[in-house]
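Here is the structure we will look at, set down as structure tokens.
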Amino acid sequence: MAEQQSLTRPILARRGLMFILSSPSGTGKTTIARRLLREDGEIVMSVSVTTRPPRPGEVDGEDYHFVDQAEFDRMVEAGELIEWANVFGHNYGTPKSQIKTGLKEGRDFLFDIDWQGTQQLYQRMETDVVRVFLLPPSIGELEQRLRGRGTDSEEVIAGRMARARDEISHWDGYDYVVVNDDIDACFEKVRTILDAERMRRARQTGLVDFTRGLMR
Ligand code: ADP
Ligand code: 5GP
């Protein structure tokens, strides 16, 4: 696969894409996203700006760009964010410049955002966006995964379960919906979507010259 990529990349230039993964919390989005970043050499995480303070272990510029409220407001005013939202009392937003430059250079960006952020990105950059929604195989399994993860208190789990039904109701705002039953099967499906979307004619900006060369 890596060999194939290094052979095809220089031949055909293409525009990058914005790959959005959303899911009700506990479905497996983070697991799938991490594996994609590890196994796919061409996709990188979009790093958001946030006014939330860093959690232990979080690195500025890697997990988020941590900014204060005044700087966030300035970025909004200056139109430097493609989209932004207030989540749990903190502001989060997607910086425009890194994405615009990266897409032109053929870089793909992975977004871990909810359905509202997805809607905003889609409204602003429709042709660059690929929206994937992950669903759990059942509500019982979702609850089990939240428990099994071992990161949340019973109270937080109850809150996530209550929100899950609302999140699930937005399934029709996505291009692809994948049920995460078996993790390996789900990952392969997500990867197949990414591979296919990269081959969309409109994204392959090098095709005009390439085909011209072939026909010469
Ligand atoms: P999310 O990012 O959607 O909140 P996580 O990736 O943190 O979800 O996954 C929640 C828990 O479920 C984790 O403990 C993860 O290992 C587990 N998990 C993810 N996918 C599967 C699967 N297909 N089958 C069983 N467990 C899974
Ligand atoms: P956390 O503080 O746990 O890292 O993230 C909280 C929530 O903010 C998550 O639901 C995450 O998807 C969302 N979020 C993170 N970055 C952005 C962003 O740039 N835009 C939007 N709309 N939501 C974001």
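It should be emphasised that the depicted structure is a prediction, and the values quoted were computed from it without experimental measurement. Each ligand, and each atom within it, is numbered from 1 in the order the structure gives. All values below were derived from every heavy atom in this structure, side-chain atoms included, with hydrogens, water molecules and symmetry-related copies excluded.
Taking only non-hydrogen atoms, the option from Gly28, Ser25, Ser22 nearest to atom 9 (O) of ligand 1 is Gly28. Of the candidates Gly148, Gly26, Ser23, Gly26 brings a heavy atom nearest to atom 1 (P) of ligand 1.
Contact annotation for His90 and ligand 2: no heavy atom of the residue comes within less than 4.0 Å of the ligand.
When each atom of ligand 2 is checked for a heavy atom of Ser48 under 4.0 Å away, the hits are 16 (N), 17 (C), 18 (C), 19 (O). Near Gly93, meaning under 4.0 Å from any of its heavy atoms, are these atoms of ligand 2: 18 (C), 19 (O). Atoms of ligand 2 lying under 4.0 Å from any heavy atom of Ala85, numbered from 1 in the order shown and given with element: 22 (N). Taking a cut-off of under 4.0 Å to the non-hydrogen atoms of Arg52, the atoms of ligand 2 that pass are 1 (P), 2 (O), 4 (O). Short contacts between ligand 2 and Thr94, defined as distances under 4.0 Å to a heavy atom of the residue, involve ligand atoms 19 (O). Taking a cut-off of under 4.0 Å to the non-hydrogen atoms of Thr30, the atoms of ligand 1 that pass are 1 (P), 2 (O), 6 (O).
Residue Trp84 has no nitrogen or oxygen atom sitting less than 3.5 Å from a nitrogen or oxygen atom of ligand 2, judged on distance alone.
Ligand 1 does not have Cys186 within reach: every non-hydrogen atom of the residue lies 4.0 Å or more from it. Residue contact annotation: Asp181 has a non-hydrogen atom under 4.0 Å from ligand 1.
Nearest protein heavy-atom neighbour of atom 5 (O) of ligand 2: Tyr64 OH, 3.4 Å.
When Asp209, Leu207, Thr211 are each tested for a side chain to side chain contact (heavy atoms under 4.5 Å, CB included) with Leu12, only one passes: Leu207.
Shown here, atom 21 (C) of ligand 2 is in close reach of the protein: a heavy atom of it lies under 4.0 Å off.
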